[in-house]
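In what follows, every chain begins at residue 1, and chains take the letters A, B, ... in the order their sequences are listed. Keep in mind that this is a model prediction, so the values were computed, not measured.
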Protein chains: 2
Amino acid sequence: MDKQTLRLKQTPQRMAIMKYLQGNKNHPTVEDIYNYVVEQFPNISLATVYKNIDILKNMGLVQEVTIDPDKKHYDPDTRHHHHLICVQCKKIIDVDIDFDIRVPKDYLEDFEITTTHIDFYGICKSCKTKEK
Amino acid sequence: MDKQTLRLKQTPQRMAIMKYLQGNKNHPTVEDIYNYVVEQFPNISLATVYKNIDILKNMGLVQEVTIDPDKKHYDPDTRHHHHLICVQCKKIIDVDIDFDIRVPKDYLEDFEITTTHIDFYGICKSCKTKEK
DNA sequence: TTCTCTGCAAATGCTTTGCAGAGGC
DNA sequence: GCCTCTGCAAAGCATTTGCAGAGAA
C-alpha cells in the first residue's frame, strides 16, 4: 500500500466506497462508509474499508479530518477549507471561505506556516430549534 | 466522577499529576503524564491518570486538545487560544493572539458560532534547521 | 498468469470500567 | 467511619496487520 500505487484495481467494493465518498459532504467515518457499502456487499469487511481509505488518503483523494476525538472522519473535498462544528449533534459543515489571517512575524520565531485550519464551534440551526 | 465533584481528595498521585500539568506548555498526553508521575509513584497505574484527567477535564481545569489523530493531548491552559503544529515533530505551540474572524451572516444560515479554534500547520524552527 | 485485493481472524494501542482494598478527611 | 481514590485486571473500541484464497488486468 505505498504512496504511488499505480495499478489500482477497480474492484466492485472499491468502486462502491468511492461512489459513496464522491461529493459526500457529511465527513463520514469508516463505519459510515461501511454501513453504506455493506448494503451492496454484505460480506465486505471493515478491514477492506480501512485499507481502501488508507490508499485513497495516500493518493490525496480524501482528507483525514481530526475534529472528533473518538474517531477519524474523512472528507473527499481535498481543497483547502474550514469547518463549522455543532457541539450538540457533532455535525461538521464546510466553510469555503478564504480568511486572511496573519500571525506577526516576530511572534513566530522562524516557524513557517504552510496551512491554516479554522474550526468554528457552535450550535447548528436544527439543534437550536430542538432546544426550545 | 460527576461534573461537580466537590470533595476532591488531595491524594499524592493527584497532586503529582496536577503539579506536572501546572504551567505545562507541552500539551502532554496521558502517557506523558504517566511517565512523569511514575518516577515518584512507581505503582501508579495508567487508569489512575485517565481517571484524574477525566475529573480535571470535567472541572474545567484542563482542555482536551484534538489535533493529534492518534492520541488525546491535554492543555492546562484553558483560556481561549490557538495552536501552531509542526507537521514534522508534531510539537504543538500556543498562539495567544486574538484574531478577528467573521463568517458572513448569510453564509451561516442560523449556525451560532461560540468559539473559534485556529490551527496553523507548518515547520518549526528546529525541524527546519535539521532538514538542511 | 501475475499481482493486487478481499475477508477473516488475530493483534495492537488507546481508553474505559469494575471491583476490592487503601487511605484522605 | 465514610466515601472517594488507587491499582489491577479485564473489557471496549477504533484501527492495523498477516495471510490464504479470490479475482481484476
Side-chain angles (χ1 to χ4, degrees), chain A residues 1-21 27-59 61-75 90, chain B residues 1-21 27-59 61-75 90:
Chain A
M1 308 271 178
D2 61 296
K3 216 157 194 166
Q4 252 76 41
T5 306
L6 291 177
R7 10 190 161 170
L8 262 199
K9 288 185 181 171
Q10 305 202 39
T11 66
Q13 293 88 335
R14 174 168 297 153
M15 291 302 104
I17 291 170
M18 292 178 79
K19 185 185 162 206
Y20 178 69
L21 288 170
H27 309 79
T29 61
V30 163
E31 203 191 336
D32 294 331
I33 300 169
Y34 174 81
N35 287 337
Y36 169 83
V37 183
V38 80
E39 292 293 322
Q40 299 153 65
F41 301 93
N43 294 321
I44 198 173
S45 83
L46 264 174
T48 298
V49 181
Y50 275 107
K51 285 168 186 167
N52 273 288
I53 270 293
D54 193 49
I55 291 171
L56 297 177
K57 187 173 66 178
N58 287 331
M59 289 176 70
L61 296 176
V62 294
Q63 241 174 4
E64 204 172 277
V65 179
T66 309
I67 283 178
D68 182 341
D70 297 319
K71 43 178 91 172
K72 295 173 184 169
H73 292 246
Y74 295 92
D75 193 342
K90 309 296 175 194
Chain B
M1 308 271 178
D2 61 300
K3 218 158 194 167
Q4 252 77 38
T5 306
L6 291 177
R7 12 190 160 173
L8 262 200
K9 289 185 181 172
Q10 304 202 40
T11 67
Q13 293 89 336
R14 174 168 296 154
M15 291 302 103
I17 291 170
M18 292 179 80
K19 184 185 163 205
Y20 178 69
L21 287 170
H27 308 79
T29 62
V30 163
E31 203 190 337
D32 294 330
I33 300 168
Y34 174 81
N35 287 337
Y36 169 84
V37 182
V38 79
E39 293 293 323
Q40 298 154 65
F41 302 92
N43 293 322
I44 197 174
S45 83
L46 263 175
T48 298
V49 181
Y50 275 107
K51 286 169 185 167
N52 273 289
I53 270 292
D54 193 49
I55 291 171
L56 297 176
K57 187 173 66 178
N58 287 331
M59 290 178 67
L61 296 176
V62 294
Q63 238 172 7
E64 205 172 276
V65 179
T66 309
I67 283 178
D68 181 342
D70 297 319
K71 44 176 90 171
K72 296 173 184 170
H73 291 246
Y74 294 92
D75 192 343
K90 310 294 177 195

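The side chain to side chain contact (heavy atoms under 4.5 Å, CB included) test applied to E64(A) returns K57(A), T66(A), K72(A), Y74(A), P69(B), not counting sequence neighbours. The side chain to side chain contact (heavy atoms under 4.5 Å, CB included) check on M15(B) picks up Q10(B), M18(B), with sequence neighbours excluded.
Between the OH atom of Y34(A) and the P atom of dT16(D) there is a distance of 17 Å, given to the nearest Å. Separating the CE atom of M15(A) from the C1' atom of dA25(D) is a distance of 13 Å, rounded to the nearest angstrom. Note: CG (N52(B)) to P (dG7(D)) measures 10 Å, nearest angstrom. Between the CG atom of N43(A) and the P atom of dA20(D) there is a distance of 21 Å, rounded to whole Å. Between the CG atom of L8(B) and the C1' atom of dT6(D) there is a distance of 14 Å, given to the nearest Å. Rounded to a whole Å, the CD1 atom of I53(B) is 15 Å from the P atom of dC5(D). D68(A) has its CG atom 15 Å from the P atom of dC13(D), to the nearest Å. With rounding to whole Å, I55(B) atom CD1 is found 13 Å from dC3(D) atom C1'.
Backbone-only engagement by T11(B) is indicated by non-hydrogen atom pairs under 4.0 Å involving sugar-phosphate atoms exclusively.
Over its full length, the helix from dT1(C)-dA25(D) to dC25(C)-dG1(D) turns its helical axis through 30°, comparing axes from the five pairs at each end and rounding to 10°.
Distances shorter than 4.0 Å separate none of the side-chain N or O atoms of S45(B) from OP1 or OP2 on dC8(D). Close to dG23(D), at under 4.0 Å from its OP1 or OP2, lies no side-chain N or O of Q10(A).
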Please output the side-chain donor-acceptor pairs of residues 32-44 of chain B that fall under 3.5 Å, not counting sequence neighbours, one pair per line with the distance.
| from | atom 1 | to | atom 2 | distance (Å) |
| --- | --- | --- | --- | --- |
| D32(B) | OD2 | T29(B) | N | 2.8 |
| D32(B) | OD2 | T29(B) | OG1 | 3.2 |
| N35(B) | ND2 | E31(B) | O | 3.3 |

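Minimum heavy-atom separation, L21(A) to V62(A): CD1-CG1, 3.8 Å.
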Between the protein and nucleotides 21-23 of chain C, are there any N/O to N/O pairs under 3.5 Å, and if so, what are the atom names and distances?
| from | atom 1 | to | atom 2 | distance (Å) |
| --- | --- | --- | --- | --- |
| dG23(C) | N2 | K9(B) | NZ | 2.5 |

Filtered N/O pairs between nucleotides 14-18 of chain C and protein, under 3.5 Å:
| from | atom 1 | to | atom 2 | distance (Å) |
| --- | --- | --- | --- | --- |
| dC14(C) | OP1 | K71(B) | NZ | 3.3 |
| dT15(C) | OP1 | K72(B) | N | 3.1 |
| dT15(C) | OP2 | Y50(B) | OH | 2.5 |
| dT15(C) | O5' | Y50(B) | OH | 3.2 |
| dG18(C) | O6 | K51(B) | NZ | 2.8 |

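Here OG1 of T11(A) is found 5.0 Å from CZ of R14(A). Values are rounded to the nearest 0.5 Å.
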Applying side chain to side chain contact (heavy atoms under 4.5 Å, CB included) to M59(B) and L8(B), what does each step give before you reach the verdict? CA-CA 11 Å; M59(B) 290 178 67; L8(B) 262 200; 3.4 Å; yes
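For D54(B) (side chain) and Y50(B) (main-chain N/O), no donor-acceptor pair under 3.5 Å exists by modelled atom type. H27(A) places no side-chain N or O within 3.5 Å of a backbone atom of H73(A) that could act as its donor or acceptor partner.
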